[in-house]
Protein chains: 2
Amino acid sequence: MRDYQSTAQFFQVLAHPVRLQILAALSEQACCVCHLQALTRRPQAYVSQQMRVLRDAGMVSDEKDGQNVYYRLCNPTVEALLHEVIGSDRPRTTIADCNCPKCVDE
Amino acid sequence: MRDYQSTAQFFQVLAHPVRLQILAALSEQACCVCHLQALTRRPQAYVSQQMRVLRDAGMVSDEKDGQNVYYRLCNPTVEALLHEVIGSDRPRTTIADCNCPKCVDE
DNA sequence: TGGAAATATGCAAATAATCATATATATTTT
DNA sequence: AAAATATATATGATTATTTGCATATTTCCA
């Protein structure tokens, strides 16, 4: 990590409840946007906006598979911090209403 | 740490370059406000405001000694996070113009 | 006691972040 | 090729944060 300015920006990205929820979900498995929509109960555009913030911050990477875009965590520091502050006792929300191929298959 | 909302607020406090600089200094030793003023090159009222934010967030504790107030880190999670994101390669800024008893004695 | 030094607080202007809405693009299905 | 689905982007209104400045409070010392 560089100077205090960029470190502050890094923390700013984490200073958001929905982004934290998304990152916590991604720390378990890669998810498509529709999955995160169901998880967070937010409109698609909203989730997509947050994913851009996370992508621009270098915290997640995206991979397109057909119609779906799968996001995954790609930053070890973020993983470590999540573990530090959230730990493993986070609410294991099961998502019922996601119809992406990956969810339907399992 | 509790829910995502309070975790986000926790990160919000860290999402500030001057507060980060102050916390990094406190992670080495307790400092009075005048010391932090010299370090950050900000007006006294500015530093005092940031100290309130850190105090309200439960990250630092204050102890009055005569005219001076000494602040110290009092949150192990903050210490761990600072170490994670800043590490030990932070600029070791020596402060010349602080006249508090502690600084003058040494 | 009175003044100077150290620190804290209150408030307002400037700045930045959030979120809803509308719309665009790409892919699959029919 | 048109419709449907998944995702992305642009824009603007609202709200929150930052920061400078004036002033208050506390303590020390002459």
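In what follows, chains carry the letters A, B, and so on, assigned in the order in which the sequence lines appear, proteins first and then strands, with residues in each chain numbered from 1.
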Practice task
Not counting sequence neighbours, which residues clear ring pair (Phe, Tyr, Trp, His ring centres under 6.0 Å) with B:Phe11? List them please.
Solution key: A:Phe11
Problem - Sequence-distant partners of A:Gln9, side chain to side chain donor-acceptor pair (under 3.5 Å), two or more places apart - result: A:Gln5
Problem - Rounded (10°) bend between the five-pair end axes of the helix from C:dT1-D:dA30 to C:dT30-D:dA1 - result: 10°
Once rounded to the nearest 0.5 Å, what's the spacing between atom [atom1] of [X] and atom [atom2] of [Y]?
| X | Y | atom1 | atom2 | value |
| --- | --- | --- | --- | --- |
| B:Cys74 | B:Asp62 | SG | CG | 9.0 Å |
| B:Leu36 | B:Tyr46 | CG | OH | 12.5 Å |
| B:Leu39 | B:Cys31 | CG | SG | 7.5 Å |
| B:Tyr71 | B:Met59 | OH | CE | 14.5 Å |
| B:Met51 | B:Leu26 | CE | CG | 5.5 Å |
| A:Leu73 | A:Glu28 | CG | CD | 10.5 Å |

Practice task
Might you point out which heavy atoms bring A:Cys34 and A:Asn68 nearest each other, and give the distance in Å?
Solution key: SG-OD1, 4.4 Å
Exercise for the section: Taking all non-hydrogen atoms of both residues into account, name the closest pair between B:Thr40 and B:Gln21 and its distance. Expected result: CG2-OE1, 3.6 Å
Exercise for the section: Report the residues that fulfil side chain to side chain contact (heavy atoms under 4.5 Å, CB included) with A:Arg52, sequence neighbours left out, ordered by chain and then residue number. Expected result: A:Arg55, A:Asp56
Completion exercise
Contacts of B:Gln44 meeting side chain to side chain contact (heavy atoms under 4.5 Å, CB included) (sequence neighbours excluded), chain-then-number -> B:Gln37, B:Ser48
Exercise for the section: Anything under 4.0 Å to a heavy atom of chain A counts; send over the first and last such nucleotide of DNA chain C, read 5' to 3'. Expected result: C:dA17 to C:dT28
Solution key, residues 12-20 of chain A side-chain donor-acceptor pairs under 3.5 Å, sequence neighbours excluded:
unit_1: A:His16; atom_1: ND1; unit_2: A:Val18; atom_2: N; d: 3.2
unit_1: A:His16; atom_1: ND1; unit_2: A:Arg19; atom_2: N; d: 3.3
unit_1: A:Arg19; atom_1: NE; unit_2: A:Val13; atom_2: O; d: 2.7
unit_1: A:Arg19; atom_1: NH1; unit_2: A:Gln50; atom_2: OE1; d: 2.8
unit_1: A:Arg19; atom_1: NH2; unit_2: A:Gln12; atom_2: O; d: 3.4
unit_1: A:Arg19; atom_1: NH2; unit_2: A:Val13; atom_2: O; d: 3.4

Handout entry: A:Glu63: salt bridge (charged side-chain N to carboxylate O under 4.0 Å, His left out) partners, not counting sequence neighbours
Key = A:Arg72
Could you run down the sub-3.5 Å N/O contacts of the protein with nucleotides 13-20 of chain D?
unit_1: D:dT18; atom_1: OP1; unit_2: B:Arg19; atom_2: NH2; d: 3.4
unit_1: D:dT19; atom_1: OP2; unit_2: B:His16; atom_2: NE2; d: 2.7
unit_1: D:dT19; atom_1: OP2; unit_2: B:Tyr46; atom_2: OH; d: 2.7
unit_1: D:dG20; atom_1: O6; unit_2: B:Gln49; atom_2: NE2; d: 2.6

Filtered N/O pairs between nucleotides 4-6 of chain D and protein, under 3.5 Å:
unit_1: D:dT5; atom_1: O2; unit_2: A:Gln67; atom_2: NE2; d: 2.8
unit_1: D:dA6; atom_1: O3'; unit_2: A:Gln67; atom_2: O; d: 3.4
unit_1: D:dA6; atom_1: O3'; unit_2: A:Asn68; atom_2: OD1; d: 3.1

Problem - Residue-level proximity of residues 55-63 of chain B to DNA chain D when a heavy atom falls under 4.0 Å - result: none
Exercise for the section: Pick base, sugar-phosphate or nothing for B:Tyr71, based on heavy-atom distances below 4.0 Å to the nucleic acid. Expected result: sugar-phosphate
Handout entry: Test item: A:Val78 and A:Phe10 side chains (from C-beta on) under 4.5 Å apart, heavy atoms
Key = yes
